[in-house]
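Here's the structure, in C-alpha cells; my notes come after.
Everything quoted here is computed from the prediction, not taken from an experiment. Positions are given from 1 along the sequence.
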Amino acid sequence: QTLGLVGESGSGKTTIGRTIVRLYKPTEGQILFGDLDLAKLEGEQLRLVRQRVQMVFQDPFASLNPRYTIGSLISEPMHIYKVASKTEIHERTVELLRVVGLRPEYIDRYPHEFSGGQRQRIAVARALSINPELVIADEPVSALDVSIRAQVLNLLQRLQKQFNLTYLFVSHDLSVVRHVADRIAVMYLGRIVELADRDELYASPKHPYTQALLSAVPIPDPQIEKRRQRIILSGDLPSPINIPSGCRFHTRCPMAQAICREVEPAFERKPGREHYAACHFSESVSPN
C-alpha cells in the first residue's frame, strides 16, 4: 500500500521521513517497524535495518554524487551489504537501469549528463537495488517539470506492484497524492490531524484544515469550480518552537471556539470507514 502524507511547508513531513530512516535522531517516542523500534537502534543494527528501509529524496540534482557514475551510484548499496558477487552486482545494475526505463549503455555516464526526470529514475533504481520493504518518497516529483511528473509517478506505481513495495509518499500536492495513495494522513505543525482512505478523505473531510487544503485543489470543470466555496486560511503557520495551546490549528481555524484554545482535541475515530481526526467539532463514533 501507499500512505500519502500531506501538509503545507513547515508542517514536519520531511522530518518524519528522515527520522524513520534515522538521518535525524528522534528526541523522544518510538518508530515501530515490525517488531523493531528504530528510534533505539544504533551501529550495526541500524545499518542492517536500512537494507529494508530506503529513501528517494526530493531534489534529484542534489541527491546524486556528481563524482560517481550512475553505475557506481546504483551498485554502491549492493557492495555495502555484500548481497552478491561483483559480476552479479553488475548484472543487477544493468537490469535496474532497464527496469526504470534507462538504457544499459548509460551505466558509465555521470549525473550531470541526465535530465531531472532521468536523475530521479536513477535515484529510484538506487533505492530498489537492495530489495527494501519500505520506500520513503519525499516529494519525489515536486522538482520536476509537469510533463515529466506523470512518467515518474507511473514508474513508482509499476515498481510497487513488481517488487511488492510499501510507500510513504510525502507531498504538499493533494492532486498528486490522490493519484498514488491508498490512505492519506494530513499533518499540521508536527501532528497528524486526519487519517482516512483516499476516496473517503476527498469525499468527506472531517478536519477544517483538510477542508481548506482540498478547497484549494483546482477542479477541471468550470461549472463546479465556479460553484464551490474556497476556504482561505488567515495568518501563517505558527513556529514549531512556540506551538499554540489547545488545538494547534485554532489560530487559523474559521470554526475555532473557546474550547479549541484550551483543550487539545483527541485523535479519535469519526463516522466512516477507518476515518480518524483530531477536532472538537467533528462527530466521533465508537469503534466496531
Side-chain angles (χ1 to χ4, degrees), residues 1-9 13-14 16-18 20-21 23 53-66 68-77 92-107 109-185 198 202 213 217-218 220:
Q1 286 195 340
T2 298
L3 173 66
L5 181 61
V6 301
E8 60 194 312
S9 297
K13 307 184 300 299
T14 294
I16 278 189
R18 293 187 174 216
I20 290 173
V21 297
L23 292 176
V53 184
Q54 286 291 299
M55 188 164 185
V56 177
F57 295 91
Q58 176 177 357
D59 186 358
F61 294 92
S63 62
L64 301 178
N65 190 327
Y68 282 30
T69 65
I70 66 166
S72 298
L73 289 166
I74 294 171
S75 63
E76 185 182 24
R92 168 88 171 150
T93 303
V94 170
E95 177 60 25
L96 283 167
L97 285 172
R98 289 198 185 98
V99 164
V100 299
L102 294 174
R103 295 179 183 177
E105 55 263 33
Y106 292 169
I107 194 168
R109 293 188 181 183
Y110 289 86
H112 73 269
E113 300 179 68
F114 297 90
S115 67
Q118 289 174 319
R119 291 189 194 200
Q120 201 62 298
R121 289 169 182 265
I122 295 165
V124 170
R126 178 177 62 179
L128 297 182
S129 64
I130 47 177
N131 298 314
E133 299 167 35
L134 169 65
V135 174
I136 298 166
D138 181 16
E139 304 260 17
V141 297
S142 64
L144 306 179
D145 292 338
V146 174
S147 59
I148 305 299
R149 290 184 184 183
Q151 296 178 19
V152 175
L153 291 174
N154 290 335
L155 170 68
L156 289 171
Q157 289 183 301
R158 177 169 60 80
L159 294 177
Q160 182 175 36
K161 294 177 182 177
Q162 184 175 346
F163 293 99
N164 195 29
L165 299 169
T166 296
Y167 288 149
L168 173 62
F169 192 94
V170 176
S171 181
H172 65 276
D173 190 334
L174 281 156
S175 57
V176 168
V177 171
R178 186 170 194 171
H179 182 67
V180 299
D182 300 295
R183 286 175 65 75
I184 297 175
R198 172 192 61 197
Y202 280 83
L213 290 179
V217 177

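Under the salt bridge (Lys or Arg N to Asp or Glu O under 4.0 Å) criterion, E113 pairs with no residue at all, not counting sequence neighbours. Checked against salt bridge (Lys or Arg N to Asp or Glu O under 4.0 Å), R109 has no partners two or more places apart in sequence or in another chain. In this structure, the side-chain hydrogen bond (donor to acceptor under 3.5 Å, both in side chains) partners of T2, at least two apart in sequence or on a different chain, are Q160. A search for side-chain contact (heavy atoms from CB on, under 4.5 Å) contacts involving D145 returns S147, I148, not counting sequence neighbours. Judged as a salt bridge (Lys or Arg N to Asp or Glu O under 4.0 Å), and not counting sequence neighbours, the contacts of E8 are R252. The side-chain contact (heavy atoms from CB on, under 4.5 Å) test applied to T69 returns S72, Y110, not counting sequence neighbours. Under the salt bridge (Lys or Arg N to Asp or Glu O under 4.0 Å) criterion, R18 pairs with no residue, sequence neighbours left out. Residues passing the side-chain hydrogen bond (donor to acceptor under 3.5 Å, both in side chains) test with R198, sequence neighbours excluded: none.
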Would you please test R92 and E95 for salt bridge (charged side-chain N to carboxylate O under 4.0 Å, His left out) and show each step?
CA-CA 5 Å; R92 168 88 171 150; E95 177 60 25; over 6 Å; no

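Note that the CD atom of Q54 and the CG atom of N131 stand 10.5 Å from one another [nearest 0.5 Å]. Rounded to the nearest 0.5 angstrom, L64 CG and I70 CD1 are separated by 9.0 Å. Note: N65 CG to E76 CD = 8.0 Å, rounded to the nearest 0.5 Å.
Between Y106 and I122, every side-chain heavy-atom pair lies at or beyond the 4.5 Å cut-off. A 4.5 Å side-chain heavy-atom check between I107 and I74 finds every atom pair outside the cut-off. Considering only heavy atoms from C-beta on, I20 comes within 4.5 Å of V53 through its side chain.
Here salt bridge (Lys or Arg N to Asp or Glu O under 4.0 Å) pairs that include residues 114-135, with residues two or more places apart or in two chains, are R52-E133. Residue pairs meeting the salt bridge (Lys or Arg N to Asp or Glu O under 4.0 Å) criterion with at least one partner in residues 169-180, sequence neighbours excluded, are R149-D173. Applying the ring-ring contact (aromatic ring centres under 6.0 Å, His included) rule to pairs touching residues 118-153 yields nothing, sequence neighbours excluded.
Proximity of a side-chain donor or acceptor of Y202 to a complementary backbone N or O of L174 within less than 3.5 Å is detected. Side-chain N or O atoms of Y167 include none that pairs as donor or acceptor with a backbone N or O of V180 at under 3.5 Å.
Annotation for L153 and F169: closest pair CD2-CZ, 3.7 Å, computed over non-hydrogen atoms. D182 and Q1 make their closest contact through OD2-CA, 3.2 Å (heavy atoms, listed as atom of the first residue, atom of the second, distance). The two residues Q120 and F57 make their nearest non-hydrogen contact at NE2-O, 3.3 Å. Closest approach of V6 to K13, counting heavy atoms only: C-CD, 3.6 Å. Summarising the geometry of A127 relative to V56, their closest heavy-atom pair is CB-CG2, 3.9 Å, with the distance given to 0.1 Å. For the residue pair V177 and S171, the shortest heavy atom distance occurs at CG2-CB, 3.7 Å.
The local environment of OH in Y68 is sparse, with at most 12 non-hydrogen atoms from other residues, nucleotides or ligands closer than 6.0 Å.
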For residues 135-144, dump all side-chain donor-acceptor pairs below 3.5 Å to protein atoms at least two apart in sequence or in another chain.
{"from": "D138", "atom 1": "OD1", "to": "T14", "atom 2": "OG1", "distance (Å)": "3.1"}
{"from": "D138", "atom 1": "OD2", "to": "T14", "atom 2": "OG1", "distance (Å)": "3.2"}
{"from": "E139", "atom 1": "OE1", "to": "H172", "atom 2": "ND1", "distance (Å)": "3.1"}
{"from": "E139", "atom 1": "OE2", "to": "H172", "atom 2": "N", "distance (Å)": "3.4"}
{"from": "E139", "atom 1": "OE2", "to": "H172", "atom 2": "ND1", "distance (Å)": "3.1"}
{"from": "S142", "atom 1": "OG", "to": "Q58", "atom 2": "NE2", "distance (Å)": "3.1"}
{"from": "S142", "atom 1": "OG", "to": "E139", "atom 2": "O", "distance (Å)": "3.3"}

